[in-house]
A.B. asks: 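Okay, handing you the structure first.
Order of the sequence lines sets the chain letters (A, B, ...), proteins ahead of strands, with each chain counted from 1. Every value quoted in this text rests on a predicted model; they were computed, and no experiment measured them.
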Amino acid sequence: MSLEDELLKQRWERIREIESLGFHAYGRKYDFTHTVPQILNEYSAKTAEELSPDFKVRVSGRVKTFRSKGKAGFAHLSQNGEQLQIYVRSDAVCPSDFRLFQILDIGDVIGAEGYLFRTRTGELTVHVEHLEFLAKTLFSMPEKWHGLEDIEMRYRQRYLDLIANPESRKVFVVRSRIIASLRRQLEERGFIEVETPMMQPLYGGATARPFVTHHNTLDIDLYLRIAPELYLKRLVVGGLDRVYEINRNFRNEGLSTQHNPEFTMLEFYQAYTDYRGLMDLSADLLRQVALDATGSTEVGYEGAKLDFSAPRRFTMRQAVVEFWKGDNRPTLDNVRDPEWLKEHSHKSSPGEALTEIFENTVEEQLIQPTIIYDYPVETSPLSKAKPDDPEFVERFEIYAAGMEIANAYTELNDPQEQRRRFEMQIAMHEKGDEEAHQMDEDYIRALCYGMPPAGGEGVGIDRLTMILTNSRSIRDVILFPLLRPEGEIGIAGRLRALES
RNA sequence: GGGCCGGUAGCUCAGGCGGUAGAGCAUUUGCCUUUUAAGCAAAGGGUCGCGGGUUCGAGUCCCGCCCGGCUCACCA
């Protein structure tokens, strides 16, 4: 028998002993008086003299450490990422409770009732008078010192990662705080949260390849959305002047440290403003979210200090000049010149060429939070053109740590112009651009009823979380990132074997 | 999809040029009533990712495959 099966069998047999002592191996509920963090918050400052044996507490948690010293022993209970020590001695509990304590495994979930005291070394500890058993672990826990290091196991069995690695738990707590901060800030400004279709008959609002699924009763193919944009703007037409949605988008593309096929976007739309208004709003949102998530507007990421107090601002053309590497730094006139652009890119149109040059030379250098604005019209089919320069649109993206984290623009609200833009995209599609936008007549129809001028923005929550938690990979900020299925696990057969 | 790196006990990791597979934690047994990476003594535990090949002999060398990481391409 393998060691793993021996351990399983031992613990399976231990369940009988737990039950023979009068406990349930898998309990129903536990009326705790405090959580572990509450105990630590409220009593850590108290001296030994201030703690009374008459004051009883009931706490529960998972056994993280266990040190038996014969007729007494210590364990740490872990709950909500914090640990509290318990002390059990044979003359302070009934015999069945003490026996239960002796056969505890690291990883079991228990409840402990007793009074708080300080040990000789000064650690706040529960002097246990009664134990309750709440859940048995059949497998041994990851090693106590190193935690769970195996990256694949951390992703596939995230619960083990969360149990064993407090830093990992913290990432997801901060992620939750980031989302809460954004929600709060938007609600304060009069935005309302909505939910729009994830399954769409036409996909749009971004350039990406979609996932396809099928609805049986209607017998139609549907696309998992690549963006909620066109639905949110229909709502702006409908008079929801300030709307936002925080939800998943799905893009059928490669995986990397910055891309997961499903990822979370905040998109928000504000009527009667333009991209300038959104730049100011974005700067405010980012400063506050950094503060709420990390306690500071200065955030450490991969050795750099990112300053979220006020992002820098460059036009795309300025940025190409400013961040040019090597010789022959171009002038602003150069980057306006179609000939110069053609010489430095193999894209056919000046706008696509400028974008390509920007992406290849500038993007990776944008470590400090930076707003890049004024994008070529070719790459922005849904943005409003600049009145004095119709080849460019009123659009900006926010970069930080070399990643794009937000994308915003003054929304195109002229249906006739939108029709022309879609037709331009269809032409690009016919020239081989598979990701060019589709014609969406239902959306154009909505615009025909009149959409107020508006600014709209999308913020990549996963990437923002990476930056604010100093995480190198997007998989470290997504609880269950997409992985190849691992194949046969075999646990059902092993459990069946135990019973027979 | 390409390149590079990795997969050894439940976990964390060693295994020089091919020669009986190791440590720590965890587990089991014994001792121990304020310990804390508790301690002391003993014991058990391996499909070396999977499948071929070379060899007297493969964890080690060769080929194929699986899974993962990084990176490039693509993208947000």
A.B. asks: If you assign each of A/Pro142 and A/Arg11 to its closest nucleotide in RNA chain B, which residue comes earlier from the 5' end?
C.D. replies: A/Pro142
A.B. asks: Got a list of protein N/O to nucleotides 67-74 of chain B N/O distances below 3.5 Å?
C.D. replies:
unit_1	atom_1	unit_2	atom_2	d
B/rC67	OP1	A/Arg484	NE	3.3
B/rC67	O3'	A/Arg156	NH2	3.1
B/rC67	O2'	A/Glu152	OE1	3.1
B/rC67	O2'	A/Glu152	OE2	2.3
B/rG68	OP1	A/Arg484	N	2.8
B/rG68	O4'	A/Glu152	OE1	3.1
B/rG69	OP1	A/Arg475	NE	3.4
B/rG69	OP1	A/Arg475	NH1	3.3
B/rC70	OP2	A/Arg475	NH1	2.9

A.B. asks: Given A/Glu411, which partner from the list A/Lys384, A/Arg395, A/Lys233 fulfils the salt bridge (charged side-chain N to carboxylate O under 4.0 Å, His left out) test?
C.D. replies: A/Lys233
A.B. asks: Can you pull every protein N or O that's under 3.5 Å from an N or O on nucleotides 29-32 of chain B?
C.D. replies:
unit_1	atom_1	unit_2	atom_2	d
B/rC32	N3	A/Gly70	N	3.3
B/rC32	N4	A/Gly70	N	3.4

A.B. asks: B/rU35 phosphate, OP1 or OP2: any side-chain N/O from A/Arg67 under 4.0 angstrom?
C.D. replies: no
A.B. asks: Of A/Gln85, A/Arg89, A/Glu123, which meets side-chain contact (heavy atoms from CB on, under 4.5 Å) against A/Phe74?
C.D. replies: A/Gln85
A.B. asks: Cation-pi check, A/Arg317 to A/Phe392: give yes when NZ or CZ is under 6.0 Å from the six-membered ring centre and within 45° of the ring axis, no otherwise.
C.D. replies: yes
A.B. asks: Mapping A/Met153 and A/Asp105 to their closest nucleotides on RNA chain B, which lands nearer the 5' end?
C.D. replies: A/Met153
A.B. asks: Could you tell me the separation between the CZ atom of A/Phe250 and the P atom of B/rA76, rounded to a whole number of Å?
C.D. replies: 17 Å
A.B. asks: Compare side-chain N and O positions of A/Arg120 against OP1 and OP2 of B/rU35 and report whether any pair is under 4.0 Å apart.
C.D. replies: yes
A.B. asks: Between P on B/rA76 and OH on A/Tyr375, what's the gap in Å once rounded to a whole number?
C.D. replies: 11 Å
A.B. asks: Base, sugar-phosphate alone, or nothing: which one does A/Phe139 contact when heavy atoms must sit under 4.0 Å apart?
C.D. replies: nothing
A.B. asks: Pick base, sugar-phosphate or nothing for A/Asn260, based on heavy-atom distances below 4.0 Å to the nucleic acid.
C.D. replies: base
